[in-house]
Amino acid sequence: MNEMNDYREMDARFYMQAFGRNLKLVKGAGSRVWDADGNEYIDCVAGIAVCSTGHCHPLVVNAICEQAHRLIHCSNLYYVPGQAECAKKLVEITGMAKAFFVNSGAEANEAAIKLARIATGRKKFVAFENGFHGRTMGSLAVTHKPAIREPFEPLEPGCSFVPYGDLDALARVIGDDTAGVLIEPIQGEAGVIFPPEGFLAGVRELCDRHGALLIADEVQTGMGRTGSWLALQQADVAADIVSLAKGIASGFPMGAIVAREGLEFKRGEHGSTFAGGPLACAAALATIDVIEGLLPSIPEKARRFAAALADHDPRVRGLMIGITVGDDCPKVQEKCLSQGVLVNCAAHGNLRLVPPLTITDDEIDRVAGVINGALG
Ligand SMILES: Cc1ncc(COP(=O)(O)O)c(C=O)c1O
């Protein structure tokens, strides 16, 4: 305990205090993590939808280690081991034409914004209220939440925000000068908010009518999280550009965009020192292999969660789950923690569960029991 206090002091003394936190996690395996005092938890946060294959999946660990022994970095001045293979795999699973790698979700949206601007020759964007697209200056410009956006204004101008689910509002704002519409197929940070039936198809139609690009931010919903590679695939809607990150490489930092035929960066239009490096690509290739095997099991796991949490009207799509709790959400989060289950509160008092896709039936039952107990 004293050790923990010493650690907190060191963190407060030397690290910028941008995060509110208490727990120090030191080890993970599958859906379990352990803190510095040896307490075990079932992890339904999973790095916020990042540790898709569970913590330290042996195939992912091996892939990273093997690659680390061969070549850790070489620069995009050269062909990077695993990069074309990884791009091919992403293209195949998403049904898009080409991929480009970055290092995070925010960077994926930055790349999508740049690509949309250069492809359309237009500068304006439309995004949605309560949407979240990242904290870099470009991705923040299309992120609605005033508390995190306004302190940094003026940002890249020209983004309008409309209510999520309101096609009439979108129709009023979108125009022939709109470069792109950025949308999360399910709003994650807002609290796992589903779009109304037909909304995503309606957005597609409005984009087509005005020659604007549909940019699907699948940073949180993508890579199998909702039971398909992309959440949009379930709505039978095709985007022009999709941004990915989080679960793509099991926790190794990586992001990507995939774009439809005809949309691509030309030489010199974008770049990054670390993006699509050998370790990231090795981790992503192994991750995709593992998720491929897990996908068929996800609908049943989702049904199990939905049935076990039915008293609390959960919103369940694959292993992305939201429960509206209200102001007590932080207390519920604390109660779950004390019972060995990690969950977190997204915006507006919504409890969010995004466990590893490897979570077992027994773990689902245990998590649901703890949440039901905490919610009373
Ligand atoms: C939908 C969505 N887009 C973008 C981001 C930003 O990703 P990153 O934190 O990797 O920059 C997030 C992060 O929560 C997200 O949920």
Side-chain angles (χ1 to χ4, degrees), residues 18-21 44-52 94 100-116 125 127-145 147-149 152 155-156 159 161 164 180-195 200 203 214-226 229-232 239 241-258 272 274-276 280 283-284 287 315 317-322 343-348 350 352-355:
F19 304 104
R21 54 193 173 185
C44 289
V45 177
I48 315 187
V50 167
C51 309
S52 47
T94 59
F100 192 81
F101 293 112
V102 293
N103 304 289
S104 68
E107 275 188 56
N109 288 322
E110 294 278 348
I113 289 166
K114 281 181 75 174
L115 184 55
F125 289 86
F128 293 90
E129 290 178 8
N130 300 316
F132 184 84
H133 301 291
R135 290 174 178 268
T136 56
M137 296 300 267
S139 63
L140 196 56
V142 292
T143 288
H144 173 249
K145 196 175 179 182
I148 64 169
R149 182 168 44 86
F152 299 98
L155 291 156
E156 177 75 0
C159 185
F161 296 97
Y164 192 64
V181 176
L182 268 108
I183 186 164
E184 293 166 86
I186 297 169
Q187 288 189 321
E189 295 308 293
V192 187
I193 307 300
F194 295 163
L200 297 170
V203 174
L214 176 54
I215 302 169
D217 180 344
E218 296 237 22
V219 165
Q220 195 162 148
T221 53
M223 301 311 294
R225 171 60 48 195
T226 68
W229 287 112
L230 302 179
L232 269 192
I241 306 171
V242 179
S243 37
L244 298 164
K246 287 196 181 279
I248 194 170
S250 297
F252 200 95
M254 187 189 219
I257 54 168
V258 282
S272 157
F274 292 118
T287 297
R315 299 180 294 282
R317 186 75 52 83
L319 289 174
M320 187 166 182
I321 299 161
V343 290
N344 94 311
C345 294
H348 311 120
N350 285 299
R352 172 177 48 184
L353 282 74
V354 277

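Atoms within each ligand, like the ligands themselves, are counted from 1 in listed order. What you are looking at is a predicted structure, and each value in this text was computed from that prediction instead of being measured.
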Checking the N or O distance criterion of under 3.5 Å, is ligand 1 in contact with Glu107? no
Any N/O pair Glu184/ligand 1 closer than 3.5 Å: no
What are the atoms of ligand 1, with element, lying closer than 4.0 Å to any heavy atom of Ser104? 10 (O), 11 (O)
Which atoms of ligand 1 have any heavy atom of Phe132 under 4.0 Å away? 1 (C), 2 (C), 3 (N), 5 (C), 6 (C), 12 (C), 13 (C), 14 (O), 15 (C)
Among Glu218, Lys246, Met254, Gln220, which residue places a heavy atom closest to atom 13 (C) of ligand 1? Lys246
Candidates Glu184, Arg352, Arg225 - the one meeting side chain to side chain donor-acceptor pair (under 3.5 Å) with Gln220: Arg352
Nearest non-hydrogen partners of Val354 and Ala49, listed with the distance: CG2-N, 3.5 Å
Check this for me: Arg135, atom CZ, are more than 12 non-hydrogen atoms of other residues, nucleotides or ligands nearer than 6.0 Å? no
Side chain to side chain contact (heavy atoms under 4.5 Å, CB included) test vs Cys159 passes for just one of Ile113, Leu140, Val142, Leu182, namely Val142
Hey, are the side chains of Phe100 and Leu115 touching, using non-hydrogen atoms and a 4.5 Å cut-off? no
Given Val192, Thr221, Ile193, the one that forms side chain to side chain contact (heavy atoms under 4.5 Å, CB included) with Gln187: Ile193
Quick one: nearest non-hydrogen protein atom to atom 3 (N) of ligand 1, plus distance? Asp217 OD2, 2.7 Å
Asn109 heavy atoms within 4.0 Å reach ligand 1 at atoms 3 (N), 4 (C)
Do me a favour and list the nearest non-hydrogen protein atom to atom 7 (O) of ligand 1 with residue, atom name and distance? Gly105 CA, 3.3 Å
I need the contact type for Arg135 against ligand 1. Using non-hydrogen atoms and a strict under-4.0 Å cut-off, is it side chain, backbone, both or neither? neither
Does the N or O separation between Ala106 and ligand 1 drop below 3.5 Å for any pair? yes
The reported gap from CD1 in Ile186 to CG in Leu232 (rounded to nearest 0.5 angstrom) is 9.5 Å
Any nitrogen or oxygen of Gly134, main chain or side chain, under 3.5 Å from a nitrogen or oxygen of ligand 1? no
Checking contacts here: is it the side chain or the backbone of Thr221 that comes within 4.0 Å of ligand 1, counting heavy atoms only? Could be both or neither. neither
Stepwise side-chain contact (heavy atoms from CB on, under 4.5 Å) check, Phe252 with Thr287: CA-CA 10 Å; Phe252 200 95; Thr287 297; over 6 Å; no
